[in-house]
Chemist: 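Would you mind keeping the following structure in view while I ask a few things?
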Amino acid sequence: MLKNLMYVTVYVSDQDRALAFYTESLGLKKRVDYPGPDGRFLTVAPGDDSVEIILWPGNPGQGPAVDGAEPGIVPGPIFLESDDLTEDFEVLQSHGVKFNEPEPIHYPFGVRLTAFDPDGNRIELRQRSRGRSSDS
């Protein structure tokens, strides 16, 4: 049976530039960097047991179309969780990360913020509300 999510893919125009952003600006770790026959297989992740993000050459921001959705409200392909998004916002901003909002937004499920990588891919940053477990 299927048991675990392994990878998500983000299409980037320059893998080296994307790698620098995801590791140096966001603080993720490079996991795999393999020059395979179908192209460079490059992944990053926030932790050892986390889903890996494939930084694959392609057309940035060209996710699947969502019928009836307005362009500004379609979420990005990646959601990263933070224990303290307000604190992380300050650190990420000092690393040059660009955001959709001027500061983290509190909403019923916690705190949210949208960042952009150098190709304009949306990266959703979230902090769960206190007392809300990952099982609920």
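Heavy atoms only: backbone and side chains are in, while hydrogens, waters and symmetry mates are out.
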Chemist: Taking all heavy atoms of V111 and all of L85, pick out the closest pair and write down the distance.
Modeler: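 Of all heavy-atom pairs spanning V111 and L85, the closest is O-CD2, 3.7 Å.
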
Chemist: Has Y34 got more than 12 heavy atoms of other residues, nucleotides or ligands less than 6.0 Å from its OH?
Modeler: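 Open.
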
Chemist: For the CG atom of L113 and the CD atom of Q127, what is their distance to the nearest 0.5 Å?
Modeler: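 Output value for this atom pair is 11.0 Å.
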
Chemist: H95: which residues meet the side chain to side chain contact (heavy atoms under 4.5 Å, CB included) condition with it, sequence neighbours left out?
Modeler: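 In terms of side chain to side chain contact (heavy atoms under 4.5 Å, CB included), with neighbours along the sequence ignored, H95 is linked to S25, V91.
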
Chemist: Please name the pair of heavy atoms, one in S129 and one in P108, separated by the smallest distance, quoted to 0.1 Å.
Modeler: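 The pair with the smallest heavy-atom distance is OG-O, 3.7 Å.
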
Chemist: Do L80 and P46 have side chains that get closer than 4.5 Å, going by heavy atoms?
Modeler: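 Answer yes - side chains close enough.
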
Chemist: What's the spacing between W56 CH2 and L42 CG if we round to 0.5 Å?
Modeler: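 W56 CH2 to L42 CG: 10.0 Å, rounded to 0.5 Å.
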
Chemist: Enumerate the residue pairs fulfilling salt bridge (Lys or Arg N to Asp or Glu O under 4.0 Å) with a member in residues 90-109, sequence neighbours excluded, ordered by first and then second residue.
Modeler: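 For residues 90-109, and leaving out neighbouring residues, the salt bridge (Lys or Arg N to Asp or Glu O under 4.0 Å) pairs sorted by first residue read E101-R112.
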
Chemist: Taking only residues two or more places apart in sequence, or in another chain, which ones meet D33 in a salt bridge (Lys or Arg N to Asp or Glu O under 4.0 Å)?
Modeler: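 Per chain and number, D33 pairs via salt bridge (Lys or Arg N to Asp or Glu O under 4.0 Å) with K30, R40.
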
Chemist: For F89 and P102, which heavy atoms make the closest approach, and how far apart are they?
Modeler: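 Looking at all heavy atoms of both residues, the closest pair is CZ-O, 3.2 Å.
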
Chemist: In terms of hydrophobic clusters joined by side-chain contacts under 4.5 Å, are L19 and Y11 together?
Modeler: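 They do not share one cluster, since no chain of ILVMFWY contacts under 4.5 Å joins L19 to Y11.
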
Chemist: Test R31 against E52 for salt bridge (Lys or Arg N to Asp or Glu O under 4.0 Å), laying out the working first.
Modeler: CA-CA 8 Å; R31 297 283 300 278; E52 293 178 50; 3.5 Å; yes

Chemist: Are F41 and M6 linked, directly or through intermediate hydrophobic residues, by side-chain heavy-atom contacts shorter than 4.5 Å (ILVMFWY only)?
Modeler: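 Yes, M6 connects to F41 through the hydrophobic network.
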
Chemist: Take I54 and V10 through the side-chain contact (heavy atoms from CB on, under 4.5 Å) test and state the conclusion after the steps.
Modeler: CA-CA 6 Å; I54 300 170; V10 171; over 6 Å; no

Chemist: Okay, side chain of T43, backbone of V32: is any donor-acceptor separation there less than 3.5 Å?
Modeler: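 At least one qualifying donor-acceptor pair exists.
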
Chemist: Could you pull out all residues at least two apart from A18 that satisfy side chain to side chain contact (heavy atoms under 4.5 Å, CB included)?
Modeler: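 Counting only residues at least two positions away or on another chain, A18 forms a side chain to side chain contact (heavy atoms under 4.5 Å, CB included) with V12, Y22, L55.
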
Chemist: Name all residues meeting the side chain to side chain contact (heavy atoms under 4.5 Å, CB included) criterion together with F116; count only those two or more places apart in sequence or in a different chain, and write none if there are none.
Modeler: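 Side chain to side chain contact (heavy atoms under 4.5 Å, CB included) check on F116 returns N100, T114, R122.
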
Chemist: Using 0.5 Å steps for rounding, measure from the CG atom of L28 to the CD1 atom of I123.
Modeler: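 These two atoms lie 8.0 Å from each other.
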
Chemist: Between OG of S82 and CZ of R128, what distance do you get to the nearest 0.5 Å?
Modeler: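 One finds 12.0 Å between OG of S82 and CZ of R128.
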
Chemist: According to a hydrophobic-cluster definition based on side-chain heavy atoms being under 4.5 Å apart (Ile, Leu, Val, Met, Phe, Trp, Tyr only), do L125 and Y107 belong together?
Modeler: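 Different hydrophobic clusters.
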
Chemist: How far apart are the closest heavy atoms of F21 and P118, and which atoms are they?
Modeler: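 Closest pair (atom of F21, atom of P118, distance): CG-CD, 3.4 Å.
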
Chemist: Report yes or no: do V8 and V44 belong to one cluster of Ile/Leu/Val/Met/Phe/Trp/Tyr joined by side chain heavy-atom distances under 4.5 Å?
Modeler: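 Linked, V8 and V44 end up in one cluster.
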
Chemist: State which residues pass side-chain hydrogen bond (donor to acceptor under 3.5 Å, both in side chains) with S13; sequence neighbours excluded, sorted by chain then number.
Modeler: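 For S13 the side-chain hydrogen bond (donor to acceptor under 3.5 Å, both in side chains) partners, ignoring immediate neighbours, are R17, D119.
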
